[in-house]
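So that the names make sense, note that chain A is the first sequence line, chain B the second, and so on, each numbered from 1. The structure displayed is predicted, hence computed values, not measured ones. We use all heavy atoms of the structure for the numbers below, so side chains are in, but hydrogens, waters and symmetry mates are not.
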2 protein chains.
Amino acid sequence: MTAPRSTRQREVIVRVIEDAPGPLSVPELLARAQQDLPGLGVATVYRTLKLLQEQGVVHPVHLDGESRFERAGRGHHHHFACRTCARVFDLHQCPVALPKGTVYPGGFVVEAHEVTLYGLCPECAARPPA
Amino acid sequence: MTAPRSTRQREVIVRVIEDAPGPLSVPELLARAQQDLPGLGVATVYRTLKLLQEQGVVHPVHLDGESRFERAGRGHHHHFACRTCARVFDLHQCPVALPKGTVYPGGFVVEAHEVTLYGLCPECAARPPA
DNA sequence: ATAAATGCAAAATGTTTGCACCGGG
DNA sequence: CCCGGTGCAAACATTTTGCATTTAT
């Protein structure tokens, strides 16, 4: 048995993910973690993300061709991507009613769904483009 | 004025995209197009896809970290990704009611939305795993 | 004939892996 | 101590770009 060790890098990476208002891209995650751990390398970030995914602590969100990562187990939720500032936020209200097992027209058996909304985040909506 | 030329490669690429039941990945697209045009190179596929996107003929769909491309202008629709055979299909009924301009709780102004359903396609549902 | 389009190979990106050193238990 | 974890650099995979040649017009 090989219990993962607790290291400063892992602590920081997990904390950064937990403190984020939505899923983070690898560059975002790396930049934030390096504020506490300047020497941190990308490889460690990827390896840690992989580990955390296997542990079910974190899971990936693919959005606009970018891989982002967020804390798992925060319940069913979806995402909002701001077209102005490019940040991604969690939404806590689901606009879809598709219970697992629903059969969609055509005979598609639905097991899960993913929704992404695009538009302006509260900040960018209050401060429109020049 | 620089009107794009009509070439055999472009004809084939467009036809392959039109004949598909859903968005295609670049490898899928390349493989199908090469059946008619064995010498076709990847670079041409990417360049053509870029051109077709600028013309608004094709648009990208990002799904599970993979870039796929489909004919644009087929109206509002979403996608279904089969977990068994990994193919992606178009759905022609939208499970979300979020008109452009809707303001989502928290102050998020919605301009567009994207939905992906995951599960079993009709074929795989009829022929369950061993 | 002219310039756009293609194919190839080299160059950017983004992610993974090999390896010597570091450090948690 | 010991072996897992880290950083660095090399290896990969995917997408883009440079350039000589082909080809639509």
Side-chain angles (χ1 to χ4, degrees), chain A residues 1-17 20 23-70 81 86-88, chain B residues 1-17 20 23-70 81 86-88:
Chain A
M1 44 224 49
T2 45
R5 290 179 187 172
S6 171
T7 66
R8 179 125 182 68
Q9 310 39 7
R10 283 178 189 168
E11 285 164 23
V12 172
I13 290 171
V14 170
R15 188 178 46 62
V16 167
I17 292 174
L24 297 174
S25 65
V26 170
E28 283 170 353
L29 175 44
L30 181 65
R32 295 184 194 193
Q34 283 181 334
Q35 295 188 332
D36 283 312
L37 249 156
L40 181 63
V42 220
T44 297
V45 171
Y46 280 108
R47 279 188 284 231
T48 302
L49 284 171
K50 193 179 172 190
L51 174 73
L52 294 173
Q53 288 178 69
E54 286 163 357
Q55 296 180 332
V57 174
V58 151
H59 79 116
V61 177
H62 299 291
L63 210 140
D64 275 321
E66 247 199 340
S67 295
R68 290 172 169 272
F69 301 83
E70 69 180 356
R87 286 181 297 172
V88 178
Chain B
M1 50 216 55
T2 45
R5 290 178 185 174
S6 170
T7 67
R8 181 125 181 68
Q9 316 27 15
R10 283 179 190 168
E11 285 166 22
V12 171
I13 290 171
V14 170
R15 188 178 45 63
V16 168
I17 292 173
L24 297 174
S25 65
V26 170
E28 282 171 353
L29 176 43
L30 181 64
R32 296 184 193 193
Q34 283 181 333
Q35 296 188 334
D36 284 311
L37 249 156
L40 181 63
V42 220
T44 298
V45 172
Y46 280 107
R47 278 188 285 233
T48 302
L49 284 171
K50 192 180 171 189
L51 175 72
L52 295 174
Q53 288 178 68
E54 285 162 358
Q55 296 179 333
V57 173
V58 151
H59 79 117
V61 178
H62 299 292
L63 209 139
D64 276 321
E66 247 198 342
S67 295
R68 290 173 169 271
F69 300 84
E70 69 180 355
R87 285 181 299 172
V88 178

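Between the P atom of C/dC22 and the CG atom of A/L37 lies a distance of 17 Å, rounded to the nearest Å. The interatomic distance linking B/E66 (CD) with D/dT14 (C1') rounds to 11 Å, in whole Å. Taking atom CD on A/E54 and atom P on C/dT16, their separation rounds to 11 Å, with Å as the unit. Going from atom CG of B/L40 over to atom C1' of D/dT22 covers 15 Å, rounded to whole Å. Nucleotide C/dT16 holds its C1' atom 14 Å from the CD atom of A/Q53, rounded to whole Å. With rounding to whole Å, B/L51 atom CG is found 14 Å from D/dT17 atom P. Rounded to a whole Å, the CZ atom of A/R8 is 16 Å from the C1' atom of C/dC22. Rounded to an integer number of Å, the gap from A/L30 CG to C/dG14 P is 12 Å.
Mapping A/P4 and B/S67 onto DNA chain D by nearest heavy atom places A/P4 closer to the 5' end of the strand. Nearest-nucleotide positions on DNA chain C for B/R5 and B/T44 put B/R5 closer to the 5' end.
We find that A/R68 and A/E66 are joined by a salt bridge, their nearest charged nitrogen and carboxylate oxygen being less than 4.0 Å apart.
Between A/Y46 and C/dT16, a side-chain N or O to OP1/OP2 separation shorter than 4.0 Å is absent. Using a 4.0 Å cut-off, some side-chain N or O of A/T7 falls inside it from OP1 or OP2 of D/dT6. Considering only side-chain N and O atoms, B/R10 lies under 4.0 angstrom from the phosphate OP1 or OP2 of C/dT6. When the side-chain nitrogen and oxygen atoms of B/Q9 are compared with OP1 and OP2 of C/dG7, one or more of them lie within a distance under 4.0 Å. The shortest distance between the side-chain N/O atoms of A/R47 and the OP1/OP2 oxygens of C/dT16 is not below 4.0 Å.
With 3.5 Å as the limit, one finds no donor-acceptor pair spanning the side chains of B/H59 and B/Q53.
Residue A/S6 comes nearest to A/E11 through the heavy atom pair OG-OE2, 3.2 Å, listed as atom of the first residue, atom of the second, then distance.
Side-chain contact check for A/L49 versus A/I17: some heavy-atom pair is nearer than 4.5 Å.
At least one donor-acceptor pair under 3.5 Å links the side chain of B/R10 to the backbone N or O of B/R5.
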